[in-house]
J.: 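Here it is, the structure, as structure tokens.
Chain letters run A, B, ... following the sequence lines, proteins first and then strands; every chain starts at 1.
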Number of protein chains: 2
Amino acid sequence: MREQSDPLSAAFAALADPTRRAMLAKLCEGEATVNEIAAPFDLSLPAISKHLKVLEGAGLVSRGRNAQYRPCRLEAGPLKEVADWVERYRRFWEGSLDRLDDYLKGIQQKETPK
Amino acid sequence: MREQSDPLSAAFAALADPTRRAMLAKLCEGEATVNEIAAPFDLSLPAISKHLKVLEGAGLVSRGRNAQYRPCRLEAGPLKEVADWVERYRRFWEGSLDRLDDYLKGIQQKETPK
DNA sequence: TGGTTAATTAACTAGTTGGTTAAATACTGA
DNA sequence: TCAGTATTTAACCAACTAGTTAATTAACCA
């Protein structure tokens, strides 16, 4: 049996699908019903429903109840966890930029000696 | 056949596993061989090898060749893409802008029923 | 050369994912 | 109460994932 996944893993897994990322982007505009969310996609409604369930399971979406509608809203908490996690690696992608900067500075100094 | 995944999806998918995230954390210290990477885990070497292949496929790890060793190195490029993607959502976990948006949208729905 | 170490590939398995269609549920509104 | 709309559940399927053990490849060293 598989180990149940921690919140951060669930968030990353939920974000690993472009359909789900597009759904989150749509929810940036505000609450939306399942049909509104489904509209841009060439997918059956049950497929959309499953994607929403994944997002909900990762805590990225919450849902209300309004008549027969189940309005979805963005919940950004897990995104903060993702941002915090990835932030610890910033120096590794900025480091190379720094080295590039140094390199360019060196070139510049050589080419425009004072 | 399934559509081949875009780079951002590949990065998120690779990060959606705590074993692989721990491997990246280890590689922060510098290059490491497969055996060194495998040491902390209660997993067979082929399992580790597969995880590394996933990380490599996502561009998060690159590998060299040194005698019979295949040293692995952290490549943070895709992490920058992840950081850039998630950054667009910062306002949703930092401020109350999202709640204001929803409030306004709710008002609007009530005032303009279908 | 042959033995040892490092790592990957092969073959297999169980469980998960992402999609489908058809049926069911839940609520609205006449 | 009944038709319509919104959404989920059920049942199914193919592909993928994450693990295993056993075999293989590649390089070192004595």
J.: Heavy atoms, side chains only, cut-off 4.5 Å: are A:Arg63 and A:Leu52 in contact?
T.: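 Yes; the side chains approach each other to less than 4.5 Å.
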J.: Got a salt bridge between A:Arg90 and A:Glu87, using NZ or NE/NH1/NH2 to carboxylate O under 4.0 Å?
T.: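 So A:Arg90 pairs with A:Glu87 through a salt bridge.
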J.: For the pair B:Asp84 and B:Lys80, find out whether any cationic side-chain nitrogen is under 4.0 Å from an anionic carboxylate oxygen.
T.: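 A salt bridge links B:Asp84 with B:Lys80.
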J.: Specify the separation, in whole Å, of atom CZ of A:Phe41 and atom C1' of C:dG18.
T.: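 Answer to the nearest Å: 14 Å.
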J.: Contact class for A:Ala47 vs. all strands (heavy atom < 4.0 Å): base, sugar-phosphate, or nothing?
T.: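 Base, at least one base atom sits under 4.0 Å.
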J.: Got B:Glu94 and B:Arg91 here, is their nearest side-chain heavy-atom distance under 4.5 Å?
T.: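 In short, these two side chains do not touch, never coming nearer than 4.5 Å.
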J.: Which whole-number value in Å describes the distance from A:Arg65 CZ to C:dT25 C1'?
T.: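 Atom CZ in A:Arg65 sits about 9 Å away from atom C1' in C:dT25.
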J.: Can you tell me the base-pairing partner of D:dT5? Count Watson-Crick or G-U wobble geometry only, both distances below 3.5 Å, and say none if there is no partner.
T.: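 For D:dT5, the partner nucleotide comes out as C:dA26, under the 3.5 Å rule.
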J.: Under the ring-ring contact (aromatic ring centres under 6.0 Å, His included) rule, what pairs show up with a residue in residues 50-88 of chain B, not counting sequence neighbours?
T.: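 Listed once each, the pairs are B:Phe12-B:Trp85, B:Trp85-B:Tyr89.
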J.: Identify, between A:Ala67 and A:Asp42, the residue whose nearest nucleotide on DNA chain C lies closer to the 5' end.
T.: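 Nearest nucleotide further toward 5': that of A:Asp42.
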J.: May I ask you to verify if any side-chain N or O of A:Ser44 is less than 4.0 angstrom from the OP1 or OP2 atom of C:dG19?
T.: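 No, because none of the side-chain N or O atoms of A:Ser44 sits under 4.0 Å from OP1 or OP2 of C:dG19.
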J.: Expressed as a whole number of angstroms, how long is the span from A:Asn66:CG to C:dC27:P?
T.: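 Those two atoms, CG and P, are 12 Å apart.
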J.: Are OP1 or OP2 of D:dG19 and a side-chain N or O of B:His51 less than 4.0 angstrom apart?
T.: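 So the side-chain polar atoms of B:His51 do come within 4.0 Å of the phosphate oxygens OP1 or OP2 of D:dG19, strictly under.
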J.: Determine whether B:Ile48 and B:Val54 fall in the same hydrophobic cluster, where Ile, Leu, Val, Met, Phe, Trp and Tyr are linked whenever their side-chain heavy atoms lie under 4.5 Å apart.
T.: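 No, it is not one cluster - the side chains of B:Ile48 and B:Val54 are not joined through contacts under 4.5 Å.
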J.: Please write out each protein N/O paired with an N/O of nucleotides 5-10 of chain C under 3.5 Å, distance rounded to 0.1 Å.
T.:
residue	atom	partner	partner atom	Å
C:dA7	OP1	B:Val34	N	3.2
C:dA7	OP1	B:Arg70	N	3.3
C:dA7	OP2	B:Asn35	N	2.8
C:dA7	OP2	B:Asn35	ND2	2.7
C:dT8	OP1	B:Arg63	NH1	2.7
C:dT8	OP1	B:Arg63	NH2	3.2
C:dT8	OP2	B:Ser49	OG	2.5
C:dT8	O5'	B:Ser49	OG	3.4
C:dT9	OP2	B:Lys53	NZ	2.7

